[in-house]
Engineer: 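Structure incoming, see below.
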Amino acid sequence: MEKNIQDFLDKVSQRNQNEPEFLQAVHEVAETIIPFIEQNKKYQNAKLLERMVEPERVVMFRVTWLDDNGDIQINRGYRIQMNSAIGPYKGGLRFHPSVNISILKFLAFEQTFKNSLTTLPMGGAKGGADFNPKGKSDNEVMRFCQSFMTELSKHIGYNTDVPAGDIGVGAREVGYMFGQYKRIQNEFTGILTGKGLSYGGSLIRPEATGYGNVYFTQNMLKTKGEKLEGKTVVISGSGNVAQYAAEKAIELGAKIVTMSDSGGYIYDENGIDSEKLQFIMELKNEKRGRIKEYTEEYNNANFYEGKTPWDVKCDVALPCATQNELEEQDAKKLVENGCMCVGEGANMPCTPEAVEIFRDAKILFSPGKASNAGGVATSGLEMTQNSMRYNWTAEEVDKKLHEIMNDIHEKCVEYGTDKEGHVDYVKGANIAGFVKVADAMLAQGVV
Ligand SMILES: NC(=O)C1=CN([C@@H]2O[C@H](COP(=O)(O)OP(=O)(O)OC[C@H]3O[C@@H](n4cnc5c(N)ncnc54)[C@H](O)[C@@H]3O)[C@@H](O)[C@H]2O)C=CC1
Ligand SMILES: O=C(O)CCC(=O)C(=O)O
């Protein structure tokens, strides 16, 4: 590794000890951005990357609530406001027992680059709590969300910071938080995105991350004269992103053979068609059940407990569950089995060692900050519709989403193509995301 990169990473590591996920995300960006800064005079001596790894603000707070037994429960809430150079802070809220400062800082850092890639005016943020919605009643989730928003409302605002969903935060949680914000502030504004359609949500926002990932994957395949139709696709996760990635891929003629949750994965050699996907959506979104139950409904399918689906033979892999879910040996297996394309639907699902395997094998690989940007892009479109007090049709939103994903792909190709014509999407996405934020920071002086 170049000395400058190593020196930079050493300093960041010293200042952020015990934050492995954050350091992992910074490492991947520094490797491509520091050489780019060295080649571009206007970005030198401004300490741009040094500033970008330091959150503008970190808020951490106590969230107390009463469970159904009347017992007091205590959780920890956070909001990381990472960078507001190009617009109000924007990024999701995650409710999961693993949530901590390191995970949220990695997500907020990635979000800054991702939001810039969308071309919309949104800064980067992320937040959440170490609260586990699994196994909680609707009333418990509501009381938690109300307590969480009572504090968060002091730090966000329509022109300051607009949160949304992420793992463990879907339509139900967004609804409860919106209701509490409105009650406290006595104003009806688009303070959250991912809202229900009856109170300011955008059509296609629930679908957008998964659909966008598939549109981006289509674009990557196109560079090799390939298309999704007829391809065997392995998907991890069975939440929002995984469900709609599956829906769009099925519509485009692909065969989906796996989906998963934290308990393991199901393999259906006949393919998960639209009807079976509907079963999964109901199982996950309404019954809040486990993916294992798929095999009780469809007997030909198998469940692999405690396993991830990466040893299943496929043409395309879409990791859509969580960070670091696809490791070095998984990447080797995918390449060995002839997988030609990996489109990250989750944030940082592939470990650095896995990414190295894909890059060395020169298969198509897109980082989440590019291929899953459709979700936040459509959140940006939701903000626009809220400002206009107007709603676009599903076709209009989907068309805009499609155009944005095409533009992001083009930008990655522009900044990531090497002399032999191979596209390094990691490099392309990092540089394209960096340029807009860096230009805005330079223009705004030393802040
Ligand atoms: N919802 C959105 O619009 C966006 C989400 N993302 C990312 O996509 C990923 C999935 O998020 P959503 O689908 O929204 O969340 P979700 O809560 O709807 O689903 C999460 C899925 O991941 C699985 N999962 C969680 N932890 C796991 C673990 N340790 N091992 C295996 N599976 C695990 C869950 O069982 C579930 O299937 C996350 O990385 C998130 O940050 C990225 C961009 C936007
Ligand atoms: O829609 C949003 O504002 C945030 C989406 C998000 O959290 C993400 O892109 O990881």
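Counting convention: from 1, in listed order, for ligands and their atoms alike.
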Engineer: Which option, Ala321, Ala346, Gly374, Gly165, owns the non-hydrogen atom nearest atom 10 (C) of ligand 1?
Structural biologist: Ala321
Engineer: For ligand 2, is any non-hydrogen atom under 4.0 Å from Glu110's backbone (N, CA, C, O), its side chain (CB onward), both, or neither?
Structural biologist: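 For Glu110, no heavy atom sits under 4.0 Å from ligand 2.
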Engineer: Who's the nearest protein heavy-atom neighbour of atom 5 (C) of ligand 2, and how far?
Structural biologist: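 Answer, as residue, atom name and distance: Arg205 NH2, 3.9 Å.
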Engineer: If the threshold is 4.0 Å, N to carboxylate O, is there a salt bridge linking Glu31 and Lys427?
Structural biologist: no
Engineer: Would you please classify the geometry between the Tyr199 ring and the Phe178 ring as parallel, tilted or perpendicular, with 30° and 60° separating the classes?
Structural biologist: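 Ring orientation of Phe178 relative to Tyr199: tilted.
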Engineer: At the 4.0 Å heavy-atom cut-off, does Lys126 count as touching ligand 2?
Structural biologist: yes
Engineer: Starting from atom 31 (C) of ligand 1, locate the nearest protein heavy atom and write down its residue, its atom name and how far away it is, to 0.1 Å.
Structural biologist: Ser262 CA, 3.6 Å
Engineer: Specify the protein heavy atom at minimum distance from atom 4 (C) of ligand 1: its residue, its atom name, and the distance to 0.1 Å.
Structural biologist: Thr209 OG1, 3.7 Å
Engineer: Are Phe61 and Phe148 an aromatic pair by the rule of ring centers under 6.0 Å?
Structural biologist: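 Yes, the ring of Phe61 comes within the 6.0 Å limit of the ring of Phe148, centre to centre.
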Engineer: Heavy-atom contact check, 4.0 Å cutoff: does Ala242 meet ligand 1?
Structural biologist: no
Engineer: Is ligand 1 less than 4.0 angstrom away from at least one heavy atom of Arg94?
Structural biologist: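 Yes; Arg94 lies near enough to ligand 1 that a heavy-atom distance drops under 4.0 Å.
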Engineer: Should Lys114 be listed as contacting ligand 1, given a heavy-atom distance under 4.0 Å as the test?
Structural biologist: yes
Engineer: If the contact criterion is a heavy-atom separation under 4.0 Å, does Gly237 count as touching ligand 1?
Structural biologist: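 Yes, that is the case, since the closest heavy atom of the residue is under 4.0 Å from the ligand.
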Engineer: Hey, which atoms in ligand 2 end up nearer than 4.0 Å to a heavy atom of Gly165?
Structural biologist: 7 (O)
Engineer: Just by distance, do the side chain of Lys90 and the backbone of Asn115 share a donor-acceptor pair under 3.5 Å?
Structural biologist: no
Engineer: Could you see which bit of Asn347 sits under 4.0 Å from ligand 2, with heavy atoms only: side chain, backbone, both or neither?
Structural biologist: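 Contact part for Asn347 vs ligand 2: side chain (C-beta onward).
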Engineer: Return the residue, atom name and 0.1 Å-rounded distance of the protein heavy atom closest to atom 5 (C) of ligand 1.
Structural biologist: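 The closest one turns out to be Val241 CG2, 3.5 Å.
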Engineer: For Glu286, is there an ion pair with Arg172 - N to carboxylate O distance below 4.0 angstrom?
Structural biologist: no
Engineer: Would you mind running through ligand 1 and noting each atom that sits below 4.0 Å from a heavy atom of Ser238?
Structural biologist: 37 (O)
Engineer: May I ask you to check whether Tyr425 and Phe216 place their ring centres under 6.0 Å from each other?
Structural biologist: yes
Engineer: In the protein, what heavy atom is nearest to atom 17 (O) of ligand 1, and what distance, to one decimal place, separates them?
Structural biologist: Gly168 N, 3.0 Å
Engineer: Please say whether the positively charged group of Lys182, taken as NZ for Lys or CZ for Arg, lies over the ring of Phe188, i.e. under 6.0 angstrom from the six-membered ring centre and within 45 degrees of the axis.
Structural biologist: no
Engineer: Which of parallel (below 30°), tilted (30 to 60°) and perpendicular (above 60°) describes Phe109 and Phe113?
Structural biologist: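 Aromatic pair Phe109/Phe113 classed perpendicular.
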Engineer: Look at Arg143 together with Asp68 and state whether they make a salt bridge at an N to O cut-off of under 4.0 Å.
Structural biologist: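 Yes, this pair counts.
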Engineer: Would you mind checking if Glu396 and Lys399 are paired as a salt bridge, meaning a charged N to carboxylate O distance below 4.0 Å?
Structural biologist: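 Salt bridge absent between Lys399 and Glu396.
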Engineer: Quick check on contacts: which atoms of ligand 1 are under 4.0 angstrom from a heavy atom of Cys320?
Structural biologist: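 This gives 9 (C), 10 (C) as the contact atoms.
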Engineer: Judged by non-hydrogen atoms, does Pro163 sit under 4.0 Å from ligand 2?
Structural biologist: no
Engineer: So, is Ala164 polar-close to ligand 2, with some N/O to N/O distance under 3.5 Å?
Structural biologist: no
Engineer: Report the nearest protein non-hydrogen atom to atom 1 (O) of ligand 2: residue, atom name, distance rounded to 0.1 Å.
Structural biologist: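 The protein heavy atom lying closest is Ser379 OG, 2.5 Å.
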Engineer: Examine ligand 2 and decide if any of its atoms is less than 4.0 Å from a heavy atom belonging to Arg94.
Structural biologist: no
Engineer: Salt bridge check, Arg94 against Asp166: does any charged N sit closer than 4.0 Å to a carboxylate O?
Structural biologist: yes
Engineer: Tell me the protein heavy atom at minimum distance from atom 39 (O) of ligand 1, and give that distance in Å.
Structural biologist: Asn347 N, 3.1 Å
Engineer: Do Lys332 and Glu336 meet the salt-bridge criterion of a basic N to acidic O distance under 4.0 Å?
Structural biologist: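 Between Lys332 and Glu336 there is no salt bridge, as every charged N stays at least 4.0 Å from the carboxylate O atoms.
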Engineer: With a 4.0 Å cut-off, would you call Glu382 and Arg205 a salt bridge?
Structural biologist: no
Engineer: Can you tell me which residue and heavy atom of the protein come closest to atom 36 (C) of ligand 1, and the distance to 0.1 Å?
Structural biologist: Gly239 N, 3.9 Å
Engineer: Would you call the rings of Tyr211 and Tyr244 parallel, tilted or perpendicular if under 30° counts as parallel and over 60° as perpendicular?
Structural biologist: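 Because their plane-to-plane angle is over 60°, the rings of Tyr211 and Tyr244 count as perpendicular.
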Engineer: Atom 4 (C) of ligand 2: which protein heavy atom is closest, and how many Å away?
Structural biologist: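 Among all protein heavy atoms, the one nearest atom 4 (C) of ligand 2 is Gly92 N, 3.4 Å.
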Engineer: Specify the protein heavy atom at minimum distance from atom 3 (O) of ligand 2: its residue, its atom name, and the distance to 0.1 Å.
Structural biologist: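 Nearest neighbour among protein heavy atoms for atom 3 (O) of ligand 2, to 0.1 Å: Lys90 NZ, 2.6 Å.
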Engineer: Tell me, which protein residue and heavy-atom name are nearest atom 9 (O) of ligand 2, and how many Å apart are they?
Structural biologist: Lys114 NZ, 2.7 Å
Engineer: Against the six-membered ring of Tyr265, is Lys307 placed for a cation-pi contact (under 6.0 Å from the centre, within 45° of the normal)?
Structural biologist: no
Engineer: Could you check atom 18 (O) of ligand 1 against the protein and tell me its nearest heavy-atom contact, residue, atom and distance included?
Structural biologist: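 For atom 18 (O) of ligand 1, the nearest protein heavy atom is Asn240 N, 2.9 Å.
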Engineer: Applying a strict 4.0 Å limit to heavy atoms, is Arg205 in contact with ligand 1?
Structural biologist: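 Yes.
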